[in-house]
Participant: 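Below you will find the structure I want to go over with you.
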Amino acid sequence: MLPCAALRRPWKAMNETTVKTRFAPSPSGEIHLGNARTALFNYLYASARGGAFLLRIEDTDAERSRPEHAQALMQDLQWLGLGWHEGPQADGAHGPYCQSQRGAIYADFYQRLEDAGTVYPCFCSDTQLKLARKAQRAAGQPPRYPGTCAHLSPAEVSSRIAAGARPTLRFRVPRDTRVDFVDLVRGPQSFNSDDIGDFIVRRSDATPAFFFSNAIDDALMGVTHVLRGEDHLTNTPRQLLILQALDLRAPSYGHLSLLVGEDGSPLSKRHGSQSIRQLRQAGYLPAALLNYLARLGHSYSEESFATPERLAAEFSLERLGRAPARYDPAQLRHWQKEAILAASEQTLLAWCLQTLGAAPAGCDESRLSALVNLVRDNIETPQDVAAWARRLCGDLPPPAGEPECDALRGAGSAFFAAALELAQVSEPAFGEFAKAVGARTGAKGKALYMPLRIALSGAPHGPEMGRIWDWLGPRARGERLRAALDYCREVETAC
RNA sequence: GCUCCGUUCAUCUAGUGGCCCAGGAUUCCGCCCUCUCACGGCGGCCACAGGGGUUCGAGUCCCCUACGGAGCGCCA
């Protein structure tokens with residue numbers, strides 16, 4: 001299956017100035033809301049500008065990266081509707097799109113850096129470095145690489161390598177220069193290179209470090225705009241330095257404010273329930289997530305539910321906020337309700353079938369579809385639909401909750417005896433029926449409707465009574481009123 | 001510790017010197033609709049972090065303070 005048919009457009013229409021954005025996750029876990037928002041903003045920006053959205057898998061860390069995570073991540077992106085034009089499982093002239101397969105490309109650029117003398121091998125051990133950092137911190141100094149191996153002689157280097165040492169490669173950061181760039185979100189930024197220590201661009205196992213591969217690949221793949229987390233802001237000068245040394249064109253970077261948890265702390269494993277996977281399993285619709293996420297750190301003039309196309313059309317860098325945004329489940333639920341209201345019957349049917357695994361008992365697919373339509377206003381998840389199916393298809397379970405029991409008991413057996421009789425005389429519409437029950441028993445308002453609602457639907461709230469009445473049909477109505485009558489008699493004799 | 005980023009209702013946000021005694025949305029509360037709950041309609045509560053400047057005028061510009069966050073990793 002090719003991703004994102006909706007966004008596919010002729011490559012011919014693209015030229016060098018066409019926007020290309022990317023999402024470059026590392027497959028070390030499930031996508032969380034924060035990642036998803038980053039992906040979404042890149043996707044929306046590309047869409048808004050008629051550009052392309054690229055997916056690159058950053059699996060350089062063999063320890064943590066897992067192919068199954070990459071698969072899951074791509075599924076999640078597809079499910080959200082964030083298909084990519086270029087990347088794994090798609091076309092593209094700049095592959096491979098998994099960093100683990102780009103070793104030869106990186107080797108070439110390492111060679112260029114070595115030839116130019118902008119990198120040097122570093123033999124410092126992990127513990128040595130940790131110790132140095134600790135000492136610097138203790139002395140009130142910024143923890144930075146002290147430059148131990150910066151000026152080793154070629155002879156010394158080769159003798160250490162001959163002795164079996166596996167050095168890392170460090171980037172020689174020039175002293176006393178400024179690195180300036182204009183952030184797409186935050187405006188002009190300026191950093192002093194003296195605040196940056198020589199950093200590792202190649203690990204001792206010869207795999208590339210993030211700063212390096214991430215920057216190189218963006219340039220090589222023709223990425224023009226990078227929207228990424230604010231945590232990368234102070235890393236940007238490093239990447240700019242690498243690109244400059246290699247004479248590669250850097251993309252424009254924009255740093256998005258972070259998404260924080262309900263308690264204000266950054267979203268992390270701690271908030272495990274916010275992975276896209278889990279939200280999906282909990283029954284959230286992609287459209288709900290999209291509408292919610294798109295408004296976190298970005299404002300829209302329209303407060304109403306928007307299709308992905310409309311979200312894209314109105315997306316603009318100027319409307320991006322700079323302050324961190326807090327995850328708020330109440331708001332997500334709001335968009336979920338909107339998404340349910342906006343969804344087609346088929347969408348909702350598929351949604352129920354998928355998350356429930358199968359149609360609920362006593363409710364085939366066509367009946368389920370009708371049921372969903374009946375209870376559309378009253379549900380948030382497929383689980384809610386299942387609960388309504390239990391109440392409105394087949395036999396009604398006995399009253400369980402306290403409000404339910406109280407309402408039935410409060411009405412009493414005489415009430416339901418009258419209701420049962422009146423329901424059976426003809427096949428009245430609900431309005432006439434309720435009126436007749438009221439006239440016979442003297443009950444009115446809530447005292448009239450609530451017992452009927454609970455007897456007939458099993459819940460104190462739900463769709464209009466008239467619609468429930470029609471849905472049930474004469475037989476189920478009779479059975480349910482009789483069950484309520486029996487329940488009241490039982491309770492009354494027990495007293 | 002150093003460098004960088006941020007701070008408007010409980011939450012998401014509008015606001016680019018007068019249109020703001022700060023607007024919208026969500027939550028919560030109330031009223032209306034329907035002899036019922038929900039849906040819907042209407043309304044209410046609720047904010048410029050603090051202090052100094054600049055200015056005729058500051059949420060908006062500058063400085064300081066406080067608070068929060070990020071980076072300074074052979075994680076990305």
Side-chain angles (χ1 to χ4, degrees), chain A residues 24-26 28 58-61 63-65 99 122 124-126 129-130 133 136-145 166-170 183 185-186 189-192 194-197 199-211 213-214 228-238 255 257-258 260 262 264-266 292 295-304 318-319 321-335 337 341 375-378 403 407 431 434-435 438 443-454 457 459-466:
Chain A
S26 78
S28 55
E58 305 218 331
D59 52 353
T60 58
D61 184 350
E63 290 261 314
R64 298 211 247 165
S65 298
Q99 291 189 323
C122 170
C124 295
S125 72
D126 199 34
L129 293 168
K130 266 187 192 135
R133 274 196 291 270
Q136 285 169 324
R137 260 183 224 278
Q141 301 278 318
R144 268 190 231 117
Y145 181 64
R166 314 289 316 271
T168 62
L169 215 49
R170 275 187 194 271
D183 190 278
V185 179
R186 281 152 216 276
Q189 306 289 320
S190 179
F191 293 85
N192 188 332
D194 290 345
D195 293 327
I196 306 168
F199 54 91
I200 289 174
V201 291
R202 190 178 66 197
R203 304 185 190 114
S204 59
D205 66 358
T207 60
F210 165 80
F211 291 128
S213 52
N214 179 267
R228 53 176 8 175
E230 190 190 10
D231 48 339
H232 290 294
L233 182 60
T234 48
N235 289 157
T236 306
R238 280 165 244 264
H255 292 91
S257 60
L258 258 26
V260 299
E262 289 176 78
S265 70
Y292 175 57
R295 288 172 167 83
L296 241 36
H298 185 278
S299 59
Y300 282 91
S301 59
E302 276 288 330
E303 307 269 13
S304 58
E318 280 96 71
R319 289 175 169 273
R322 275 155 288 257
R326 201 173 283 236
Y327 169 70
D328 181 4
Q331 237 132 165
L332 177 54
R333 260 183 270 121
H334 166 74
W335 291 111
K337 285 183 198 167
L341 257 24
V375 298
R376 217 184 175 103
D377 283 339
N378 306 281
K435 197 178 276 184
K444 53 184 176 176
K446 201 164 180 165
L448 168 63
Y449 282 85
M450 200 43 77
L452 291 178
R453 173 177 286 282
I454 286 168
S457 80
H461 58 80
E464 273 173 57
M465 276 312 297

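Chain A is the first sequence line, chain B the second, and so forth, proteins listed ahead of strands; every chain is numbered from 1.
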Participant: Can you tell me the base-pairing partner of U60(B)? Count Watson-Crick or G-U wobble geometry only, both distances below 3.5 Å, and say none if there is no partner.
Facilitator: none
Participant: Between Q99(A) and R333(A), which is nearer to the 5' end of RNA chain B once each is assigned its nearest nucleotide?
Facilitator: R333(A)
Participant: Pick base, sugar-phosphate or nothing for R170(A), based on heavy-atom distances below 4.0 Å to the nucleic acid.
Facilitator: sugar-phosphate
Participant: Do R203(A) and T207(A) pair up side chain to side chain, a donor and an acceptor below 3.5 Å, judged on atom types alone?
Facilitator: yes
Participant: Mind checking N235(A) for me? I need base, sugar-phosphate or nothing, with any heavy atom below 4.0 Å counting as a touch.
Facilitator: base
Participant: Taking the side chain as everything from C-beta on, heavy atoms only, tell me whether P463(A) gets closer than 4.5 Å to N378(A).
Facilitator: yes
Participant: Please check if atom CZ in R166(A) has more than 12 non-hydrogen atoms from other residues, nucleotides or ligands closer than 6.0 Å.
Facilitator: no
Participant: Could one point to a donor on the side chain of R326(A) or the base of U11(B) with an acceptor on the other under 3.5 Å away?
Facilitator: no
Participant: If we call it a pair only when both distances are under 3.5 Å in a Watson-Crick or G-U wobble match, what pairs with C39(B)?
Facilitator: none
Participant: Out of D183(A), D231(A), T234(A), which one pairs with H255(A) under the side chain to side chain donor-acceptor pair (under 3.5 Å) rule?
Facilitator: D183(A)
Participant: Paired with U54(B): which nucleotide, if any, by Watson-Crick or G-U wobble criteria at under 3.5 Å for both distances?
Facilitator: none
Participant: Using a cut-off of 4.0 Å on non-hydrogen atoms, how would the nucleic acid contact of Q189(A) be classed: base, sugar-phosphate, or nothing?
Facilitator: sugar-phosphate
Participant: Categorize R186(A) for me: base, sugar-phosphate, or nothing, with a 4.0 angstrom heavy-atom threshold over every strand shown.
Facilitator: sugar-phosphate
Participant: Give M465(A) one of three labels, base, sugar-phosphate or nothing, depending on what nucleic acid heavy atoms sit under 4.0 Å from its own.
Facilitator: base
Participant: Could you identify the nucleotide paired to C20(B), looking across every strand shown and requiring Watson-Crick or G-U wobble geometry with both distances under 3.5 Å?
Facilitator: none
Participant: Under 4.0 Å, counting only non-hydrogen atoms across every strand here, what does R295(A) touch: a base, just sugar-phosphate, or nothing?
Facilitator: sugar-phosphate
Participant: Using both distances under 3.5 Å as the test, list the Watson-Crick or G-U wobble partner of G71(B), or none.
Facilitator: C2(B)
Participant: What is the nucleic acid contact for K130(A), judged by heavy atoms within less than 4.0 Å: base, sugar-phosphate only, or nothing?
Facilitator: nothing
Participant: Is R322(A) close to V185(A) at the side-chain level, that is, under 4.5 Å between some pair of heavy atoms?
Facilitator: yes
Participant: Any Lys/Arg nitrogen of D59(A) or R64(A) sitting under 4.0 Å from an Asp/Glu carboxylate oxygen of the other?
Facilitator: no
Participant: Do F199(A) and F211(A) make the cut of ring centroids closer than 6.0 angstrom?
Facilitator: yes
Participant: Using a 4.0 Å heavy-atom cut-off, does F211(A) contact any base of the nucleic acid, only the sugar-phosphate backbone, or nothing at all?
Facilitator: base
Participant: Within less than 4.0 Å of OP1 or OP2 of A76(B), is there a side-chain N or O belonging to R203(A)?
Facilitator: yes
Participant: Please measure how far the C1' atom in G73(B) lies from the corresponding atom in A10(B), and state the result in whole Å.
Facilitator: 38 Å
Participant: Does a nitrogen or oxygen in the side chain of S304(A) sit under 4.0 Å from OP1 or OP2 of A25(B)?
Facilitator: no
Participant: Suppose we call a contact any N or O donor and acceptor under 3.5 Å apart; does that hold for the side chain of T234(A) and the base of C72(B)?
Facilitator: no
Participant: If I pick the P atom on G52(B) and the same atom on G44(B), what distance separates them, to the nearest angstrom?
Facilitator: 33 Å
Participant: Say you pick atom P in U60(B) and the same atom in U16(B); how far apart are they, in whole Å?
Facilitator: 12 Å
Participant: Need one value for R144(A): base, sugar-phosphate or nothing, where a base atom within 4.0 Å counts as base even if backbone is also close, heavy atoms only.
Facilitator: sugar-phosphate
Participant: What's the closest nucleotide to the side chain of R137(A) if the choices are G1(B), C12(B), U7(B)?
Facilitator: G1(B)
Participant: Take atom C1' in U26(B) and the same atom in C64(B), then report the distance between them in whole Å.
Facilitator: 36 Å
Participant: Between U27(B) and U11(B), how far is it from one P atom to the other, in whole Å?
Facilitator: 16 Å
Participant: Partner lookup for A66(B), please. Criteria are Watson-Crick or G-U wobble with both distances under 3.5 angstrom; report none if nothing qualifies.
Facilitator: U7(B)
Participant: Rounded to whole angstrom, note down the P distance from C29(B) over to G23(B).
Facilitator: 23 Å
Participant: Give one of base, sugar-phosphate or nothing for G445(A), where a contact means two heavy atoms less than 4.0 Å apart.
Facilitator: base
Participant: How is G297(A) classified with respect to the nucleic acid when contacts are heavy atoms under 4.0 Å: base, sugar-phosphate, or nothing?
Facilitator: sugar-phosphate
Participant: Could you tell me whether Q331(A) contacts a base, only the sugar-phosphate backbone, or nothing, with contacts defined as non-hydrogen atoms closer than 4.0 Å?
Facilitator: base
Participant: Look at all strands and tell whether P143(A) reaches a base, only sugar-phosphate, or nothing, counting heavy atoms closer than 4.0 Å.
Facilitator: base
Participant: If the C1' atom of C46(B) is compared with that of C12(B), how far apart are they to the nearest Å?
Facilitator: 15 Å
Participant: For nucleotides G30(B) and U13(B), find the distance between their C1' atoms and express it as a whole number of Å.
Facilitator: 25 Å
Participant: Would you tell me if any nitrogen or oxygen in the side chain of S299(A) comes within less than 4.0 Å of OP1 or OP2 on A14(B)?
Facilitator: yes
Participant: What's H232(A) touching, base or sugar-phosphate or nothing? Going by heavy atoms closer than 4.0 Å.
Facilitator: base
Participant: Can you confirm whether R170(A) sits close enough to C122(A) that some side-chain heavy atom of one is under 4.5 Å from a side-chain heavy atom of the other?
Facilitator: yes
